[in-house]
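Have a look at the structure below before the remarks.
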Protein chains: 2
Amino acid sequence: MPVLKEMSVAEITKLLQEAGVSPSIQRIKILQFISVNEKHSSVDKIYQDLVSEIPTLSKTTVYNTLALFVEKKIINSITIDNTEILYEQSQKPHAHFQCNVCNNVIDIDLSSSLYGIKKIENHKVEKVNIHLRGICNECLKNGSMK
Amino acid sequence: MPVLKEMSVAEITKLLQEAGVSPSIQRIKILQFISVNEKHSSVDKIYQDLVSEIPTLSKTTVYNTLALFVEKKIINSITIDNTEILYEQSQKPHAHFQCNVCNNVIDIDLSSSLYGIKKIENHKVEKVNIHLRGICNECLKNGSMK
DNA sequence: ATCATTGCAAACACTTTGCATACGC
DNA sequence: GCGTATGCAAAGTGTTTGCAATGAT
């Protein structure tokens, strides 16, 4: 799991090949953008930045490439609240556990040092969001692995 | 911050009035659904459940009502990964801090008990997602409060 | 009569799909 | 030449907006 930090084209090419991904110019540039320019990259940022260099680039390719990279474990997707879909009652902060099999969301009580935290590394914390994924108790018992 | 647990229509009505929200039948039913039927409710679940009872109900009203409830702090919105927008390099798990002012996402290193956790309350943990929101260091200094 | 609430229809933003074209060994 | 990669256009999904109809006081 190499850390991508201002890697050269040669290094990125090698990394892609080792992951079993053929190193097209689109793939190299997209991975380079993520590793060098932006630690947190959106599809649109990547597209807007690279389309001047590769005028025929399409967003479809960006989507395809990112999905491929996630599948090959070259990058992770992270969840930041974009459009909000789920709602719950006001209650004390807690973690949400979502099962990969049944998709149910289960509240998890935690007494982590995160809770009630007001300040971290000089940033003012207003909301803590913790989201766990995995396989829930019930589904483990049923042996219904995805 | 009352906990809504199988509240009666009368209790919900009172709660809405205390929050300065006039208690229409739509609002009562939506809040009742969240409090009684579903701890984690999506717009669609709410709509599908209530449209049989209130045939003229529209999704717009569900959206409007939920936004109003969040604004009035009657409910919280929670973030579960829906469509993935941001991507980052593979690296050790960490928390993400997103600033309410500049929207930048900043990595937060934490040595919480959550990290490296493999099992919690008998659920198998495959992915830990922690998302903090607030105002970042830089924006606090600039005094550019939203 | 007035003001708030509702809800249809259209617009929107983001993502995925279908398929034809282009590329690389 | 054949299999893979790319990318346009269209469709799909979830949410928001504009505005007219309805409801309450």
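Convention: sequence-line order gives letters A, B, ...; per-chain numbering from 1. Just so it is clear, the structure is predicted and the values come from calculations on it, not from any experiment.
For S24(B), a side-chain nitrogen or oxygen approaches OP1 or OP2 of dT6(C) to under 4.0 Å. Regarding contacts with the backbone of dT15(D), a side-chain N or O of Y63(B) is found under 4.0 angstrom from either OP1 or OP2. Of the side-chain N and O atoms in S58(B), none sit less than 4.0 angstrom from OP1 or OP2 of dC8(C). Phosphate proximity of dT6(C) to T56(B): absent, as no side-chain N or O sits under 4.0 Å from OP1 or OP2. OP1 or OP2 of dG7(D) has at least one side-chain nitrogen or oxygen of T61(A) nearer than 4.0 Å.
Test V43(A), L68(A), I46(A) against Y63(A) for side chain to side chain contact (heavy atoms under 4.5 Å, CB included) and you get one pass: V43(A).
The distance between atom CG of N64(A) and atom P of dT17(C), rounded to the nearest whole Å, is 10 Å. Following rounding to the nearest Å, L66(A) (CG) and dT16(C) (P) show an atom-to-atom distance of 10 Å. In this structure, the OH atom of Y47(A) is 10 Å from the C1' atom of dG7(D), given to the nearest Å. Distance CD1 (I25(A)) to C1' (dT4(D)): 17 Å, rounded to an integer number of Å. As rounded to whole Å, 18 Å separates atom C1' of dT5(C) from atom NZ of K29(B). Atom NZ of K45(B) is separated from atom P of dT15(D) by 13 Å (rounded to the nearest Å). The CG-P distance, from L50(B) to dG7(C), rounds to 11 Å in whole Å. If you take CG of L57(B) and C1' of dT22(D), they are 15 Å apart, rounded to a whole angstrom.
In this structure, S35(A) contributes its side chain and L31(A) its backbone to a donor-acceptor pair below 3.5 Å. Looking at R27(B), its side chain never comes within 3.5 Å of a backbone N or O of T65(B) through a donor-acceptor pair.
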Distances for protein N or O near nucleotides 21-25 of chain C N or O, under 3.5 Å:
none

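Of the candidate nucleotides dT6(C), dT16(C), dT15(D), dT16(C) has the atom lying nearest to any side-chain atom of T60(A). Closest to the V43(B) side chain, of the nucleotides dT6(D), dA5(D), dT15(D), is dT15(D).
Two residues are said to be in side-chain contact when any heavy atoms from C-beta on lie closer than 4.5 Å; K45(A) and D49(A) fail this criterion. Side-chain contact between D44(B) and K59(B) is present, with heavy atoms from C-beta onward closer than 4.5 Å.
The NZ atom of K29(B) lies 16.0 Å from the OG1 atom of T61(B); values are rounded to the nearest 0.5 Å. Here the CD atom belonging to E18(B) is positioned 11.0 Å from the OG1 atom belonging to T13(B), to the nearest 0.5 angstrom.
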